[in-house]
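Working notes, beginning with the structure itself.
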Protein chains: 2
Amino acid sequence: MNKAYEIVLAGIERAFLDGSLTLGDRLPGERILAKRFDVARSSVREAIRILDAVGLIRSGVGSGPGAGSVIVSEPAVGLSRALKLHVSARHIAPADVLTTRVVLESDAVATAAKAQLGEGATGPGGPHLRQAEELLTKMGGPDISKESFHDLDARFHRELCAAAGNPVTDIILASLASSILGYVSAAADTAEDWQSVQDELTRQHAGLLESILAGDPERARHECAAHIHWFAATTGIDAVDT
Amino acid sequence: MNKAYEIVLAGIERAFLDGSLTLGDRLPGERILAKRFDVARSSVREAIRILDAVGLIRSGVGSGPGAGSVIVSEPAVGLSRALKLHVSARHIAPADVLTTRVVLESDAVATAAKAQLGEGATGPGGPHLRQAEELLTKMGGPDISKESFHDLDARFHRELCAAAGNPVTDIILASLASSILGYVSAAADTAEDWQSVQDELTRQHAGLLESILAGDPERARHECAAHIHWFAATTGIDAVDT
DNA sequence: CCTATGTTATGGTCTGACCACATTTGTGAC
DNA sequence: GTCACAAATGTGGTCAGACCATAACATAGG
């Protein structure tokens with residue numbers, strides 16, 4: 001705690017804890033913070049860089065609204081960044097990321113299905129599932145590019161997780177997915193018959209969503225696990241060398 | 001990607017990907033990196049600060065081995081830091097963290113039990129479970145301080161996760177635990193009869209470990225979930241206001 | 001051989017300046 | 001009075017250069 005930037009970090013964290021800084025607020029300017037904590041501006045910047053890296057603030061130049069360091073809440077950004085760097089450094093294997101993802105996401109869809117059983121479309125998961133349906137339709141559309149499909153695919157999965165209603169699970173799953181996004185894209189690029197893979201994925205997506213809407217937790221859980229495992233095996237991600 | 005520190009970050013990440021930088025290596029000095037990427041040293045430092053924050057490097061002053069920025073692999077540090085800050089900022093509720101933890105940890109102990117069933121003490125999880133047994137003994141010892149108990153408790157859980165063999169799950173669980181560590185300690189401090197709570201926890205720990213050693217995945221899964229839920233309910237963490 | 005002292009290389013910090021950018025404010029023409 | 005353009009302002013982003021604290025290493029002296 002002797003480092004200058006840690007003093008700043010601790011001070012800002014304290015401000016969060018006592019409520020004097022909340023979502024949407026703007027951080028005082030770097031020069032002001034430097035004066036307040038009696039450190040150099042460069043030290044303040046190092047602290048701010050960390051807050052930026054973990055997805056707690058977003059910095060913008062200029063003046064007026066939108067400028068300065070605004071407090072946002074994007075935990076997934078921070079987790080993704082950390083995971084992605086460790087994957088790049090070969091300290092984390094994409095296959096292990098997928099294994100964890102299976103556990104969390106299978107449970108999430110089961111929870112979503114359970115909620116659907118109890119509350120139907122009126123529950124908090126309803127809008128997310130409707131959104132998922134829309135995405136599914138788009139994914140099944142004609143002449144869709146590989147990139148668009150990947151994007152829609154990721155969003156589809158995110159909506160399912162969101163329907164489960166646990167923000168932390170949501171965040172972690174998003175981070176896990178984005179940390180190996182590069183590998184997924186690369187693997188898909190080398191697929192010999194992408195169109196058929198895409199069709200199969202869409203079929204599986206449809207089945208999974210139907211299970212959730214039908215309120216069948218165990219079927220949803222099983223289909224989700226099978227879906228991820230199938231994709232991993234097909235693209236060969238589960239055998240990526242570390 | 002126009003920011004100077006991002007150029008440095010991208011360059012270092014590239015070095016990881018092409019293998020010219022690996023675990024244990026030392027990063028070139030800040031002054032050298034500044035020259036190489038044609039940016040100021042302060043910009044290099046911001047990039048390094050990020051790598052440090054995500055647990056990819058560890059910086060030390062002085063000279064010789066141990067000095068400079070050494071590449072390490074502590075993903076949990078990065079994830080913990082990010083989660084902890086978001087919890088501090090009230091963007092993540094401790095209760096949601098616990099919910100996610102139940103899902104992951106229950107599955108982890110079930111996996112560990114399954115592995116035990118197939119391989120017995122000769123499997124990769126063996127050492128971890130033996131370590132867990134030792135920790136359990138220490139936790140049951142007399143005149144143990146609250147702090148020691150918390151520490152041993154956390155390490156006990158970590159060993160169980162490690163026995164499951166998935167490093168990513170391991171990392172995430174460690175991060176989840178440490179992100180709400182402050183709340184757990186605070187809650188334990190206000191417990192009226194801590195000794196009896198401690199006794200009950202030890203009983204539950206023993207039962208859980210026995211289930212794993214006996215190779216009973218479903219019992220382990222159930223006991224783990226019950227254990228965490230019980231503790232949360234007892235300490236009141238599941239009702240923390242966000 | 002061992003000790004003490006200087007040397008060197010490292011990250012950590014500070015100062016002060018300038019730039020790029022976006023809003024806000026002023027000012028002049030009409 | 002109104003509008004368009006220019007200037008002032010405040011923000012993060014970047015740079016250059018200096019000095020400090022630390023820890024290993026090199027070297028001379030005992």
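Chain naming here is simple, since letters A, B, ... match the order of the sequence lines and numbering starts at 1 in each. These values consider heavy atoms only, across backbone and side chains, with no hydrogens, waters or symmetry-generated copies.
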Starting from [atom2] on [N], measure out to [atom1] on [X] and report it in whole angstrom.
{"X": "B:Arg26", "N": "C:dT10", "atom1": "CZ", "atom2": "P", "answer": "7 Å"}
{"X": "A:Leu27", "N": "D:dG12", "atom1": "CG", "atom2": "P", "answer": "8 Å"}
{"X": "B:Leu9", "N": "D:dT14", "atom1": "CG", "atom2": "C1'", "answer": "17 Å"}
{"X": "A:Leu33", "N": "D:dT11", "atom1": "CG", "atom2": "C1'", "answer": "13 Å"}
{"X": "B:Lys35", "N": "C:dT10", "atom1": "NZ", "atom2": "P", "answer": "15 Å"}

Close side-chain approach of [X] to [Y], heavy-atom, < 4.5 Å:
{"X": "B:His205", "Y": "B:Asp153", "result": "yes"}
{"X": "B:Ile171", "Y": "A:His86", "result": "no"}
{"X": "B:Met139", "Y": "B:Leu201", "result": "no"}

Any N/O pairs under 3.5 Å between the protein and nucleotides 13-15 of chain C? List them or say none.
| from | atom 1 | to | atom 2 | distance (Å) |
| --- | --- | --- | --- | --- |
| C:dT13 | OP1 | A:Ala4 | N | 2.3 |
| C:dC14 | OP2 | A:Ala40 | N | 2.9 |
| C:dC14 | OP2 | A:Ser43 | OG | 3.1 |

* Count the heavy atoms of every other residue, nucleotide or ligand shown that sit under 6.0 Å from CG of A:Asp38, and state whether that count exceeds 12. =>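 Counting neighbours around CG of A:Asp38, 12 or fewer heavy atoms of other residues, nucleotides or ligands fall under 6.0 Å, so no.
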* Does a sphere of radius 6.0 Å around NZ in B:Lys35 hold more than 12 heavy atoms from other residues, nucleotides or ligands, not counting ones at 6.0 Å or beyond? ->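 No, not enclosed.
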Under 3.5 Å, which protein N or O atoms sit close to an N or O of nucleotides 20-23 of chain D? Give each pair with its distance.
| from | atom 1 | to | atom 2 | distance (Å) |
| --- | --- | --- | --- | --- |
| D:dT22 | O2 | B:Gly62 | N | 3.3 |

* Asked: Would you find a donor on one side and an acceptor on the other, under 3.5 Å apart, between the side chain of A:Ser179 and the backbone of A:Leu176?
  ->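 Judged by distance alone, yes, a pair lies under 3.5 Å.
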* Is B:Gly66 touching bases, backbone alone, or none of the nucleic acid, heavy atoms closer than 4.0 Å? ->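 Here B:Gly66 touches no strand at all.
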* Picking from A:His150, A:His128, A:His227, what satisfies ring pair (Phe, Tyr, Trp, His ring centres under 6.0 Å) with A:His157? ->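 Going through A:His150, A:His128, A:His227 one by one, the ring pair (Phe, Tyr, Trp, His ring centres under 6.0 Å) with A:His157 is satisfied by A:His227 alone.
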* To do: Determine, stepwise, if the pair B:Leu181 / B:Val184 fulfils side chain to side chain contact (heavy atoms under 4.5 Å, CB included).
  => CA-CA 5 Å; B:Leu181 196 135; B:Val184 172; 5.6 Å; no
